[in-house]
Enquirer: 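Here it is: the structure, laid out below.
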Amino acid sequence: MAQIKSLGYNVEVGKKCFSKISSFMTKHTYSSYTILCDENTLQHCLPHLITSCPDMGGAQIIEIESGETSKSLEICNHIWQTLIENNADRKSLLINLGGGVVSDLGGFCASVYKRGIDFINIPTSLLAMADASIGGKTGINLSLFKNSIGTFTQPKAVFVNPLFLQSLPQKHFENGLAEIYKIALVADASLWQELKTQKHEKNIEALINKSIGLKNKIVLKDPYDGTQRKILNFGHTIGHALETQALGTTNEILHGEAVIMGMIIESHIAYQKKILPKSDFTEISTELSKRITYNAPKIVIPKLLELIKNDKKSTHKKVQFSLVNKIGSCLYNVEVSETQISKALAFYANIVHVRN
Ligand SMILES: NC(=O)c1ccc[n+]([C@@H]2O[C@H](COP(=O)([O-])OP(=O)(O)OC[C@H]3O[C@@H](n4cnc5c(N)ncnc54)[C@H](O)[C@@H]3O)[C@@H](O)[C@H]2O)c1
């Protein structure tokens, strides 16, 4: 079992990490517990959690519908209403049992309910274990704009039990790998080599540990995304635009799928700007293209350009990118022109065309 120290809380990782939940509960005397989950984590994860931690048996349960569309003000309203009806006071604890949707949404609801109550994350998807459950970014979408409303609020603890991955559908496993590829590209060339050559499933606990450790190091230096933490946005400026373009259509894409495409396209921008050597660009695009196992969405350049301009990382009407300058290293606040973005999108549209 591993323990990683973050901003005032610990991340416990391992198949036996639930033994630590009881001591956490004893240490903090909460007036009530509420578990937030979706229909899948209710079915596959909640029974295991309650068996391992009988203290949780008396918790109130709030179930939301799985999927990105639950990260909305309407669902927040439902959560706050239920907390009020259940008399949850300022000493209540919210337990986010689920993937990144549950931890983003639950973290946000907790961070403003009664001016803030404590919450812990028990991530159940690979993406949430390796990335979303740590670092303190909470948030929901505002109509079509991803993560436009949110707070920086740290959880009180995070318990990462890889056993939950046994019930995770394969496509969501692939989805989670995307963020591990990203952290490797921006911060650790040796992890990138490992990802290229090793069987991910067999090695998953070690990969999760490395991913959390790398992200945590960056977050500790820059908790509020003012400087270095921005490198974690590599692949996300384009990725969010692709995800938004597909939201509400019959061809929705998962966050991780969008990030894989985003990383290929943004690496092309870095190559065009002569930031990234050609050999690294070829290696990145070849390796990541292998991970596209789904129906890639149609690239509609004008629509994507419009969405990119609205990206929340843009300031003073300038679009700022985080771009890898070699495998394992990344620059941030790089200004990119519309022409460069369009060229990279066209390059990718061509790959998709050839593949489909
Ligand atoms: N806050 C952050 O730092 C951060 C970082 C990266 C991504 N995110 C956010 O995370 C979200 C994506 O997270 P996600 O991919 O985990 O999505 P998700 O929460 O929708 O989970 C994916 C699917 O897997 C199911 N599931 C989860 N665990 C399961 C299990 N153990 N067994 C069976 N089914 C299970 C869920 O019900 C859902 O259907 C996005 O909204 C993204 O914006 C946040």
Side-chain angles (χ1 to χ4, degrees), residues 6-7 11 36-49 63-72 75 96-108 111 119 121-142 144-155 158 160-183 204 208 211-212 215-216 218-219 223-225 229-230 232-236 239-244 246-247 252-260 262 311-312:
S6 192
L7 288 161
V11 185
L36 180 68
C37 50
D38 66 27
E39 74 281 8
N40 299 318
T41 62
L42 179 90
Q43 183 189 344
H44 298 289
C45 308
L46 187 63
H48 178 58
L49 178 67
E63 182 192 339
I64 56 152
E65 206 175 295
S66 64
E68 188 65 28
T69 43
S70 280
K71 278 175 57 173
S72 68
I75 301 295
N96 298 320
L97 179 69
V101 165
V102 168
S103 53
D104 274 15
L105 171 72
F108 174 64
S111 74
F119 67 94
N121 290 334
I122 305 183
T124 61
S125 71
L126 179 57
L127 188 140
M129 291 183 190
D131 185 355
S133 66
I134 67 147
K137 277 192 184 177
T138 79
I140 57 165
N141 306 325
L142 188 64
L144 286 183
F145 296 104
K146 277 273 301 178
N147 301 332
S148 287
I149 309 287
T151 62
F152 283 100
T153 313
Q154 304 301 329
V158 180
V160 181
N161 189 339
L163 279 176
F164 279 144
L165 297 177
Q166 286 171 358
S167 56
L168 188 73
Q170 184 60 27
K171 72 169 185 169
H172 289 293
F173 186 85
E174 286 292 326
N175 180 51
L177 283 175
E179 296 284 8
I180 306 183
Y181 272 89
K182 179 207 71 187
I183 196 82
I204 202 62
I208 293 169
S211 177
I212 296 175
K215 177 171 178 180
N216 192 48
I218 297 166
V219 169
Y224 299 110
D225 227 356
R229 185 172 178 168
K230 292 183 182 185
L232 298 176
N233 293 325
F234 172 58
H236 283 64
H240 279 164
L242 289 164
E243 212 179 341
T244 306
L247 257 184
E252 281 198 1
I253 50 173
L254 297 176
H255 179 75
E257 295 172 338
V259 169
I260 290 279
D311 187 88
K312 67 180 182 314

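Both counts, for ligands and for their atoms, begin at 1 and track the order of listing.
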Enquirer: How far is atom 7 (C) of ligand 1 from its nearest protein heavy atom, and which residue and atom is that?
Expert: Leu127 CD2, 3.5 Å

Enquirer: Please list, in number order, the atoms of ligand 1 under 4.0 Å from a heavy atom of Gly99.
Expert: 16 (O), 19 (O)

Enquirer: Give yes if a backbone or side-chain nitrogen or oxygen of Asn175 is under 3.5 Å from a nitrogen or oxygen of ligand 1, and no if not.
Expert: yes

Enquirer: Between the side chain of Glu257 and the main-chain N/O of Leu254, is any donor-acceptor distance below 3.5 Å?
Expert: yes

Enquirer: Answer yes or no: does atom CD of Glu65 have more than 12 heavy-atom neighbours from other residues, nucleotides or ligands under 6.0 Å?
Expert: no

Enquirer: Under 4.0 angstrom from ligand 1, any heavy atom of Pro169?
Expert: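 A heavy atom of Pro169 does come that close to ligand 1.
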
Enquirer: Please state which protein non-hydrogen atom is closest to atom 40 (C) of ligand 1 and give its distance, to 0.1 Å?
Expert: Glu68 OE1, 3.3 Å

Enquirer: Among protein heavy atoms, which lies nearest atom 29 (C) of ligand 1, and at what distance?
Expert: Leu168 CD1, 3.5 Å

Enquirer: Do any N or O atoms from the side chain of Ser111 and from the backbone of Phe108 form a donor-acceptor pair under 3.5 angstrom?
Expert: yes

Enquirer: Between Lys215 and Asp131, is the closest basic N to carboxylate O distance under 4.0 Å?
Expert: yes

Enquirer: Is ligand 1 less than 4.0 angstrom away from at least one heavy atom of Lys215?
Expert: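 It does; at least one heavy atom falls under 4.0 Å.
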
Enquirer: Would you say Lys146 touches ligand 1, if touching means a heavy atom closer than 4.0 Å?
Expert: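 Lys146: in contact with ligand 1 (<4.0 Å).
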
Enquirer: Ignoring angles and geometry beyond distance, decide whether Ser167 reaches within less than 3.5 Å of ligand 1 through its nitrogen or oxygen atoms.
Expert: yes

Enquirer: Suppose we measure from atom 14 (P) of ligand 1 to each protein heavy atom; which comes out shortest, and what is that distance?
Expert: Gly100 N, 3.5 Å

Enquirer: Should Ser125 be counted as touching ligand 1, given the test is an N or O pair under 3.5 Å?
Expert: yes

Enquirer: What residue and atom, counting heavy atoms only, is the protein's closest point to atom 37 (O) of ligand 1, and at what distance?
Expert: Asp38 OD2, 2.6 Å

Enquirer: Does any N or O in the side chain of Asn233 come within less than 3.5 Å of the main-chain N or O of His236, such that one atom is a donor and the other an acceptor?
Expert: no

Enquirer: Just need the protein heavy atom nearest to atom 28 (N) of ligand 1, so name the residue and atom and give the distance.
Expert: Thr124 OG1, 2.7 Å

Enquirer: Answer with yes or no whether Cys45 contacts ligand 1, where contact means a heavy atom under 4.0 Å from a ligand atom.
Expert: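 True for this residue.
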
Enquirer: What's the shortest distance from atom 20 (O) of ligand 1 to any protein heavy atom, and which residue and atom give it?
Expert: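 For atom 20 (O) of ligand 1, the nearest protein heavy atom is Val101 CG2, 3.4 Å.
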
Enquirer: Examine distances only and state if a side-chain atom of Asn121 and a backbone atom of Val158 form a donor-acceptor pair shorter than 3.5 Å.
Expert: no

Enquirer: Glu179 to ligand 1: N or O pair under 3.5 Å?
Expert: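 No, there is no polar N/O contact under 3.5 Å.
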
Enquirer: So, regarding Phe164 and ligand 1 (criterion: nitrogen or oxygen to nitrogen or oxygen, under 3.5 Å), is there a contact or not?
Expert: yes

Enquirer: Considering the heavy atoms of Asn147, write down every atom of ligand 1 situated less than 4.0 Å from one of them.
Expert: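 Near Asn147, the atoms of ligand 1 are 43 (O).
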
Enquirer: Would the distance check show the side chain of Ser125 and the main-chain N or O of Gly99 forming a donor-acceptor pair, the cut-off being under 3.5 Å?
Expert: no

Enquirer: With a 4.0 Å cut-off on N to O distance, would you call Lys171 and Glu174 a salt bridge?
Expert: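 No.
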
Enquirer: Which protein heavy atom lies closest to atom 39 (O) of ligand 1, and at what distance to 0.1 Å?
Expert: Asn40 ND2, 3.3 Å

